[in-house]
Amino acid sequence: QEKQLTAESNKGGIVLTSADKDYQVSLNGRIYMDGVHYFDDATDLSSDASISDIRLGTSVKWGQWSAKVNVSFGNDEVKIKDAFLRYNYAKNSIFTVGNFFEPFGIEGAASSKDLRFIGASNMTEAMGIGRSIGLGYTYYTDKFYGSTGVFAGSVDNDNEGDQGFATTTKLVYTPIVTDKVTFQLGGSFTYRIPEANGFNESLNDDDYNREVVLAAGPEDKFLNADIQYARTDMRYNFQSMVLSGPFLLQAEYTKTKVTRDDDYVSRLMKDNPYWTHTASGGYAWPTTPGDYPGWYGELRDIETKAYYVQAGFLLGDNYAYDSASAYIKRPKAGSYEFLVRYDNTNLNDIDGTYFNGSYGPADLDAALGGAGNMSIQGGKSESYSVAVNYYLSDNVMFRLNYSYMDVQNQAYPLDEKIGMLKARVQVNF
Amino acid sequence: QEKQLTAESNKGGIVLTSADKDYQVSLNGRIYMDGVHYFDDATDLSSDASISDIRLGTSVKWGQWSAKVNVSFGNDEVKIKDAFLRYNYAKNSIFTVGNFFEPFGIEGAASSKDLRFIGASNMTEAMGIGRSIGLGYTYYTDKFYGSTGVFAGSVDNDNEGDQGFATTTKLVYTPIVTDKVTFQLGGSFTYRIPEANGFNESLNDDDYNREVVLAAGPEDKFLNADIQYARTDMRYNFQSMVLSGPFLLQAEYTKTKVTRDDDYVSRLMKDNPYWTHTASGGYAWPTTPGDYPGWYGELRDIETKAYYVQAGFLLGDNYAYDSASAYIKRPKAGSYEFLVRYDNTNLNDIDGTYFNGSYGPADLDAALGGAGNMSIQGGKSESYSVAVNYYLSDNVMFRLNYSYMDVQNQAYPLDEKIGMLKARVQVNF
Amino acid sequence: QEKQLTAESNKGGIVLTSADKDYQVSLNGRIYMDGVHYFDDATDLSSDASISDIRLGTSVKWGQWSAKVNVSFGNDEVKIKDAFLRYNYAKNSIFTVGNFFEPFGIEGAASSKDLRFIGASNMTEAMGIGRSIGLGYTYYTDKFYGSTGVFAGSVDNDNEGDQGFATTTKLVYTPIVTDKVTFQLGGSFTYRIPEANGFNESLNDDDYNREVVLAAGPEDKFLNADIQYARTDMRYNFQSMVLSGPFLLQAEYTKTKVTRDDDYVSRLMKDNPYWTHTASGGYAWPTTPGDYPGWYGELRDIETKAYYVQAGFLLGDNYAYDSASAYIKRPKAGSYEFLVRYDNTNLNDIDGTYFNGSYGPADLDAALGGAGNMSIQGGKSESYSVAVNYYLSDNVMFRLNYSYMDVQNQAYPLDEKIGMLKARVQVNF
């Protein structure tokens, strides 16, 4: 069947619609032109200008069904973004299958084009989730927003080994939604089996080869927790937002708990004490699987936590709440926005004292023997940021950020204070 | 010259056309959302969810000329798909230049979106051809379909060395095309000079460095014939199809013959018997070019063959034949399709007995000396598959497949029975 | 605000425009289908068929602001092309921010689709600039064209280390612009801090790790100057063009001057004369930083230069000048174009005589000791090319080129005469 379409410009984008509104197709695109200058401390960082995101995509609607295709080519790399099929059971009751944002937190589930700063907070970079392949359901009313889903791995992961699994739910309640004040409270929870990071070479399986990496900040250097032998990954997020005329207050807290275990039997087989550890042959330590946790410490669970608080002021518009996304609408053309943010991210979970290159027991003999690297020292930081945004139109905005990051990371002992000046010209339609 | 265009939705896609029908532009897109779960035997396989294909493209028609641009970004990788200029001498007489399907077989020349199963049969995966860069001509009537072309290599090959060449022809005759029954018989033939696989390092040429790889099935592991020193590659395909109301019967047989030769003189120069093979200097075996084929066996030609048979039943529609593509039209919205398939693929061409890691002469001395690796043991398999398809609309379909693969491959001696459960949500417009 | 749009085909492309002409969106695409056959001399080159460029993109105009997104997928690789935001202060006075052509020379600042030959001259390939990320301003009248900008590195560079900087200006004066004759003279200048090529491993900085690579011709082999320890990079271009009816004469001259310096102190620390240079320990040469320039020669500045002259004849149309781009308009459908070109590119800057694998002082002792590799021997060539173009329409053209290249490069002593036959089917809309 053929249907005549009429073409319109809608908020600066292009939409073609059939007379019965049953068929609709739109095109979308995006460019981020970025510059970043680092005020390095000890470690040299790469100040850079870049086209950090550039996108082409299209959305099509056939009655209650719709699909979206959106691919990023930022920095000359392909990244599949939104790629899903959606069934709109009702306007506010939506099933989605494909690649889309897991419902976790405010920043973690919002498009980067709608974030207040250039990029997310360190909290969200490190412990937010982003898009996964899965099946989701979203329901919302004026005051309530609920979204849940089951997911099976990231499209960007092409490691060998089985994909991970996750179930993620976000519940947001906004008891006050008036023209004067909006007040929102919410929480998100995810339970995850991490993705395999390739096969264990000697044993050709992926059973204990799963890994959780939490990383944020300049080039992911100073905040970087690489948690190996991961078994499960649980994360909690609490969010709050207050809008009042031109004022915004927004805060999130995230906690991650990763359980770990290792296959000590296979590990012993691999270490092969007879052949490897002695020149002339004969058995050497470790001789039993129990030697590993006995000496190095148990692979105990790792907990990390972070939060941020940010305040904003709009010049030329008031903040407006969008119950469909449980987030803020784009300010109108000509508005200026001023923001401050404090972020505190702690990726350390340390047991014992630092000695001889790793964290371990206070027992000197054990430490000298190399014992004790089961702690995770991912670094911690406090960041202070300011931002100015100018919304030229529905399609163009200019951003300027300055961040000052106070870093503590045993792997970069000389780095303490890092400054970052960032600018972005953002075009989206 | 400027022309007014009118926009229409055509089968759920979008087309803009000038009043004189001379100018037409359409947009197209695609998403495949896939999940595969392997019931492994001995070798661990990677169960995975993926966006295995995502496409953006456009077609433009200027009178008798038209062009198509279509790029895939599945799994975050760029693959150029249809990219051609076409001259429509008449509606059924078409010249094409660019990157497009070589006319070889049914599955091998059809878009994956129109295949009955998720992915092609092992036969087609291993010995089908796909797209190449070339010049082709297609002519068809109600009962006859002929397509031929000359091709020069694949756009996905960026190895050093000269490209290959191929000429490929497909002839299909459909003596019965009625509302009740359609019966089709056809054959395809291709003659190929394989592409160079980089330069021979020591001699800086690509003369004997050509390679044919035939691979199929789970991660290309259990069916994988890597035929080196290839000189020519000939393939024959026979196809047959019967449509009768809601019933489909389809079968293909493919045979590949690869001739091989090596430059034994250069090989001897490279092996350098004086320096390499003796510690103190002095000549060691091999000393003449003839020593190689004498000891290891001639680089004889390799033949592999495979076939599949599949039967289908449509619930809610009848199968309809499309003479322009010599294939089946898409069933109408709301139809269910049920299918079974048997595939038999044999990538072995073995001379001699298996001993000491390779196939060779029965002579124990020779075998112990490492002689005899000129055979190709690519593995063989029988696969049994069932499928259910649900055609939600012209643009959306849901697929569910289960395959059981009975494998024999010397390189994976412990793997015998592999199960695969696959699901796909397919969106195309 | 929503606006009704009308769709038109404009020069074979598609444009949607609002009634007030304030909003406009267009789609663009491109395919280059290429074949190249090399008549090799000594070194084996890779004759190849390829889809060397394929593009998808869109342009949007909102009143005085406009944006362009254009990405190339040629050879299955992503390259961001035009990606910018533009402010049209007046029709002939334009600010641009993003990724776009630096204004340098004729060929270096023109789209490949408008070049007369398949690809640019060796001069432009080696010393032209192409697109960078920056901020530019262009102003033009009938007779004057001026464009300037500041730039900060290439989007294709993902090396570690700080980006480079550049300022580039092009001034063109066209004193005669009549129907009968157009005569143009112009010059361009760029001053550049080259981009860092990763960090110096031992010292973890990028201070002396900058590099300028000038390369052209078949697979960048025979013309290739890799200038390391670069500090600054200055280039001058002079251009001239004469159009008279169906005749074209076009010439460019480019000169590059790269200054160099090295951190001899760090280099000595790295060479570690005590440990590295003697078996038993004890100090060995070099012992002071000054030993390096004293023995190997100063890292003197490198100058390279090149020019080309080309003449064209149009059958079926006359050449027409476009003051907005300071270049030639596309000939009309049905035209044939015949061209000849002479290109002379010299990437050598050699001091001393060739001996023992490098250029150095005439002093035999020094040369035997390995002194003297501070010269740059990038090779030089004279190329003679002929071309025929057929402009089928505004969207399709066929190109055929033959080039004969007379090469001198110490690194390829046996290569002297290389022939290249190239063909392209070019589709753009």
Side-chain angles (χ1 to χ4, degrees), chain A residues 1-7 16-18 22-25 27 56-60 62-63 65 67-73 77-80 83-85 87 97-99 132-135 151-165 195-196 198-200 203-207, chain B residues 5-17 26-38 40 42-58 71-79 219 333 392-398 414 423-429:
Chain A
Q1 73 285 22
E2 303 198 350
K3 289 182 176 187
Q4 287 286 122
L5 305 179
T6 55
L16 293 102
T17 316
S18 64
D22 220 42
Y23 180 82
Q24 198 170 66
V25 58
L27 297 179
L56 291 169
T58 179
S59 297
V60 189
W62 307 275
W65 293 85
K68 186 171 177 190
V69 178
N70 204 330
V71 186
S72 164
F73 309 106
E77 286 172 15
V78 177
K79 299 271 177 203
I80 295 172
F84 55 70
L85 175 68
Y87 177 68
V97 59
N99 197 49
S132 300
I133 302 170
L135 176 67
F151 300 90
S154 153
V155 74
D156 299 330
N157 176 14
D158 57 357
N159 294 335
E160 285 196 303
D162 291 346
Q163 85 278 36
F165 283 101
E195 293 191 274
F199 290 118
N200 179 313
L203 300 166
N204 188 32
D205 69 30
D206 56 28
D207 289 355
Chain B
L5 305 179
T6 55
E8 284 171 340
S9 154
N10 185 346
K11 299 210 170 212
I14 179 173
V15 184
L16 293 104
T17 315
S26 63
L27 298 178
N28 45 74
R30 177 191 291 186
I31 320 176
Y32 289 175
M33 295 160 259
D34 281 13
V36 58
H37 183 80
Y38 292 109
D40 305 339
T43 298
D44 209 350
L45 297 164
S46 302
S47 294
D48 198 22
S50 65
I51 304 293
S52 66
D53 200 359
I54 182 163
R55 293 212 196 157
L56 291 170
T58 181
V71 186
S72 165
F73 309 107
N75 296 319
D76 287 353
E77 285 171 16
V78 178
K79 297 271 176 203
E219 301 174 11
L392 177 79
S393 68
D394 286 333
N395 308 103
V396 179
M397 72 179 282
F398 301 95
L414 300 178
R424 172 173 294 172
V425 179
Q426 176 176 321
V427 179
N428 58 276
F429 54 89

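- For B:V396, the part sitting under 4.5 Å from any heavy atom of chain A is the side chain, from C-beta outward, and nothing else.
- Neither the backbone nor the side chain of A:A7 comes within less than 4.5 Å of any heavy atom of chain B.
- Residue B:I31 touches chain A through its side chain alone, counting heavy-atom pairs closer than 4.5 Å.
- Contact between A:G161 and B:S46 at its shortest, heavy atoms only, is N-OG, 2.7 Å.
- Annotation for B:I14 and A:L16: closest pair CD1-CD1, 3.6 Å, computed over non-hydrogen atoms.
- Not counting sequence neighbours, B:Y32 has no partner by the ring pair (Phe, Tyr, Trp, His ring centres under 6.0 Å) test.
- Counting heavy-atom pairs under 4.5 Å between each of B:D48, B:D76, B:V15 and chain A puts B:D76 at the top.
- For A:I80, the parts sitting under 4.5 Å from any heavy atom of chain B are the backbone and the side chain alike.
- At a 4.5 Å heavy-atom cutoff, the contact between B:I51 and chain A is made by backbone and side-chain atoms alike.
- Taking the side chain as every heavy atom from C-beta outward, A:V60 and B:V427 never approach each other to under 4.5 Å.
- Proximity to chain B (any heavy atom under 4.5 Å) is shown, for A:L56, by both the backbone and the side chain.
- Between A:Q4 and B:T6, the closest heavy-atom pair is NE2-CB, 4.3 Å.
- Residue A:D162 comes nearest to B:S47 through the heavy atom pair OD1-N, 2.9 Å, listed as atom of the first residue, atom of the second, then distance.
- Within the 3.5 Å criterion, the main-chain N or O of B:N395 finds no donor-acceptor partner in the side chain of A:W62.
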Fill in: Chi angles and distances behind the side-chain contact (heavy atoms from CB on, under 4.5 Å) call for A:V25, B:F429
CA-CA 10 Å; A:V25 58; B:F429 54 89; 5.6 Å; no

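- Counting heavy-atom pairs under 4.5 Å between each of A:L85, A:V78, A:V69 and chain B puts A:V78 at the top.
- Contacts between A:V71 and chain B at a heavy-atom distance below 4.5 Å involve the side chain alone, from C-beta outward.
- Using a 4.5 Å cut-off between heavy atoms, A:F73 touches chain B through its side chain atoms alone.
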